[in-house]
Amino acid sequence: MKYWFYALTKGCLRVIFRVGFGLEVRGQERVPTRGGFIVASNHFSYLDPPVLGAACLRRLSFMARSGLFELALVGAFMRAVHVIPLQRGEGDLEAIREAIARLQAGEAVAIFPEGGRQFSGQLGRARRGVGLLAAAARVPIVPALLTGTFEALPPAGPQRLHRAKIRVAFGPVIPYTKLSVRPSRSHHQQLAD
């Protein structure tokens, strides 16, 4: 795959978020420099994926609901930055296989364990899919915390940007433990839930 457009987009977004929102990133030294891993982050706003992508030193693959790919400009952009389309609520085995393949090829995949944006602005309940994906691909997890995106672009109300300080913090790596977990059909179904 060619990633020049991702690199260009990431550079532009980093400038925009630093200048417009005072983007502050901590814990970048915790992000593995090679090998596959999962970034697991909270999710409050449509800004979360681009902020996380701009903050992480490694290129990230994201998963997004397949309906977004039907919007002409949004879909073209998402294909250009190699987003994995996901049929939400339908146990999308193809998307899960693609994420596992990318992880096993040494790439990084970003997951929002809450499953969707949290309209309350509070952390939601994490689903177990991130752990199952890590076990299936045998990769570590890097937790991340985003703050300020809820204030900058709230999920409810008029969709317009507000000035807010945005911060990203990467936590200590949660290593893959060598449990004998074989990805079965039931594991893939749980990942999709």
Test item: V109 and V139 side chains (from C-beta on) under 4.5 Å apart, heavy atoms: no

side-chain hydrogen bond (donor to acceptor under 3.5 Å, both in side chains): which pairs involve [range], sequence neighbours left out?
| range | result |
| --- | --- |
| residues 49-63 | S61-R102 |
| residues 144-154 | D48-T149 |
| residues 66-78 | S66-Q87 |

Counterpart residues, side-chain contact (heavy atoms from CB on, under 4.5 Å), relative to [X] (two or more places apart):
| X | result |
| --- | --- |
| P143 | I174 |
| F5 | T9, F77, A80, V81 |
| A144 | V39, S41, L52, F170 |
| P175 | none |

Member of Y6, Y3, W4 meeting the ring-ring contact (aromatic ring centres under 6.0 Å, His included) criterion with H82: Y3

Atom CG of L73 with >12 non-hydrogen neighbours under 6.0 angstrom: no

Parallel, tilted or perpendicular, as decided by the 30° and 60° cut-offs, for the rings of F62 and F112: parallel

Summary of salt bridge (Lys or Arg N to Asp or Glu O under 4.0 Å) pairs that have at least one residue in residues 25-40, sequence neighbours excluded: E24-R26

Anything under 3.5 Å between a donor and an acceptor, one on a side chain of residues 15-22, the other on a protein residue two or more places apart or in another chain? List them.
none

